[in-house]
2 protein chains.
Amino acid sequence: MGNTDTKKCILDVAEKLFARQGFHATSMRMLTSEAKVNLAAINYHFGSKEELIKSVMERRILPLNKIRIERLQRIKDIASAEGHVPDIREVLLAFIEPTFAFKESGIGAQDFISLIGRAFSDPKPTVRKLFMEMVGPVFQLLFELLCDSLPSMPKNIVLLRLHFMLGAMAHPMNMSQMCQLIPNGTAIKMDSVSLTDEFVNFVTKGMEAPL
Amino acid sequence: MGNTDTKKCILDVAEKLFARQGFHATSMRMLTSEAKVNLAAINYHFGSKEELIKSVMERRILPLNKIRIERLQRIKDIASAEGHVPDIREVLLAFIEPTFAFKESGIGAQDFISLIGRAFSDPKPTVRKLFMEMVGPVFQLLFELLCDSLPSMPKNIVLLRLHFMLGAMAHPMNMSQMCQLIPNGTAIKMDSVSLTDEFVNFVTKGMEAPL
DNA sequence: ACACAATTAAAACGATCGTTTAAATCAAAC
DNA sequence: GTTTGATTTAAACGATCGTTTTAATTGTGT
């Protein structure tokens, strides 16, 4: 089963290059030469570049979604059983923490985080659609829980703020060396725990903001 | 001087297509055929595709930056003269309002807003660098004013939150039909005034969040 | 009307893209 | 050891990319 080796090698390299250069800017020849496999290997094992993109995203997103949905559902169940509204900070944490924590989960995970940001803003509708189909149910559940947590807030405002949050999440994601955005000596160096903490602080207050 | 006509026509079309499809995914042939000019016209008038990208961004960003810097500088001067710290909401408004207000400033302006989001997250370093050189001074001034407004906040936290904000800004920007992100009937329809208001509400609270 | 520069037009350039084909190699079953 | 199916290899496919070239056209000043 050398099969497994080749496929995994391609997936790993694709994850890295897609994250760092984008989908469109990464050619089959870059991928296969970096992975040290034949040019035709991608078409043989995955069918096409498009399906490789799908495989790369699925490999990480599906397990991540499973974790997020479990945590969100648990909050929903507990709140429902105990007859109170879910805590907004807990809801946000359940969604955000697994994402950022992924960075320390294994090799290439950091690159995958960038990948999510890329999928968000990719020019090609097919890529965005692919991504949205994968994360749609999670977003839906998150949205419902946010509405529950903020019962006095109009739903369209909650949705708008959710978009703000997702953008805020995606942006640092595809900025590997985002420190030098501001021509300033100040460097940002953070482990995923601190980053999660800072981010949840930020968006919790934003979500709770009075109208 | 048909010159002006052709150049302007190319710039308008490029702004539209770059915003909707991204820089890399928009070819010279798409641009010239949509603009109804000859294929060689872009190279003749702008030199290269890269320089066209630069021209497209400069045409809008430079005037926008002028407005933002004036407003920010005025806040800085007043605060300094009156011996108090600038108001955080005013600072954010000075930066955000001109950006979103641009939508109603003329034809194609909506597309330009998307364009900024694209430049932020473009895979090509040359594009990001180009953009950063254009907006660097504005970001620097904004950063300084934010630090002044939040004197008790560590500068690296301010910088981190500024990144969150810029991401939150950029994301809705390149989502023309972002309503359908969540598979939900709720639609988001907003004029730039309401959007600005909602966004400033959100990020002000986030920026002020206690550690 | 003529000369001259600026602009537009049509065609081709080499390079690279994703994909396909057909032969070579490998692995395991009989 | 041979056969059979899976995998790898090398080469080529047509399409499109950004750019350049050469010629035709337009506009302007004298």
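So you know, we letter chains A, B, ... as the sequences are listed, proteins then strands, and number each from 1. Side-chain atoms are counted along with the backbone in the values below, which use heavy atoms only and exclude waters and symmetry mates.
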Participant: Tell me, which pairs form a salt bridge (charged side-chain N to carboxylate O under 4.0 Å, His left out) where one or both residues lie in residues 19-30 of chain B, sequence neighbours left out?
Facilitator: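 Applying salt bridge (charged side-chain N to carboxylate O under 4.0 Å, His left out) to every pair that reaches into residues 19-30 of chain B, excluding sequence neighbours, yields Arg20(B)-Asp111(B).
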
Participant: Who are the salt bridge (Lys or Arg N to Asp or Glu O under 4.0 Å) partners of Glu90(B), not counting sequence neighbours?
Facilitator: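 Glu90(B) satisfies salt bridge (Lys or Arg N to Asp or Glu O under 4.0 Å) with no other residue.
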
Participant: Just to verify, what does Phe46(B) make a ring pair (Phe, Tyr, Trp, His ring centres under 6.0 Å) with, not counting sequence neighbours?
Facilitator: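 With neighbours one apart ignored, the set is empty.
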
Participant: Not counting sequence neighbours, list each pair that qualifies as a salt bridge (charged side-chain N to carboxylate O under 4.0 Å, His left out) and has a residue in residues 63-75 of chain B.
Facilitator: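 Found Lys66(B)-Glu70(B), Arg71(B)-Glu97(B).
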
Participant: If I take atom NZ in residue Lys36(A) and atom C1' in nucleotide dT9(D), what distance separates them, rounded to the nearest angstrom?
Facilitator: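 Distance check: Lys36(A) NZ to dT9(D) C1' gives 17 Å.
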
Participant: Can you tell me if His45(A) touches the phosphate of dT8(D), counting only side-chain N or O atoms and a distance under 4.0 Å to OP1 or OP2?
Facilitator: yes

Participant: Less than 4.0 angstrom between a side-chain N/O of Thr6(A) and OP1 or OP2 of dT8(D), yes or no?
Facilitator: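 For dT8(D), OP1/OP2 do have a side-chain N/O of Thr6(A) under 4.0 Å.
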
Participant: Shorter than 3.5 Å, N or O on both sides, protein versus nucleotides 18-20 of chain C: list them out with atom names.
Facilitator:
unit_1, atom_1, unit_2, atom_2, d
dG18(C), OP1, Lys49(A), NZ, 2.6
dG18(C), OP2, Met28(A), N, 2.8
dG18(C), N7, Arg29(A), NH1, 2.8
dG18(C), O6, Arg29(A), NH2, 2.8
dT19(C), OP2, Asn43(A), ND2, 3.4
dT19(C), OP2, Lys49(A), N, 3.0

Participant: Going by the rule salt bridge (Lys or Arg N to Asp or Glu O under 4.0 Å), which residues pair with Glu58(B) if we only count those two or more places apart in sequence or in a different chain?
Facilitator: none

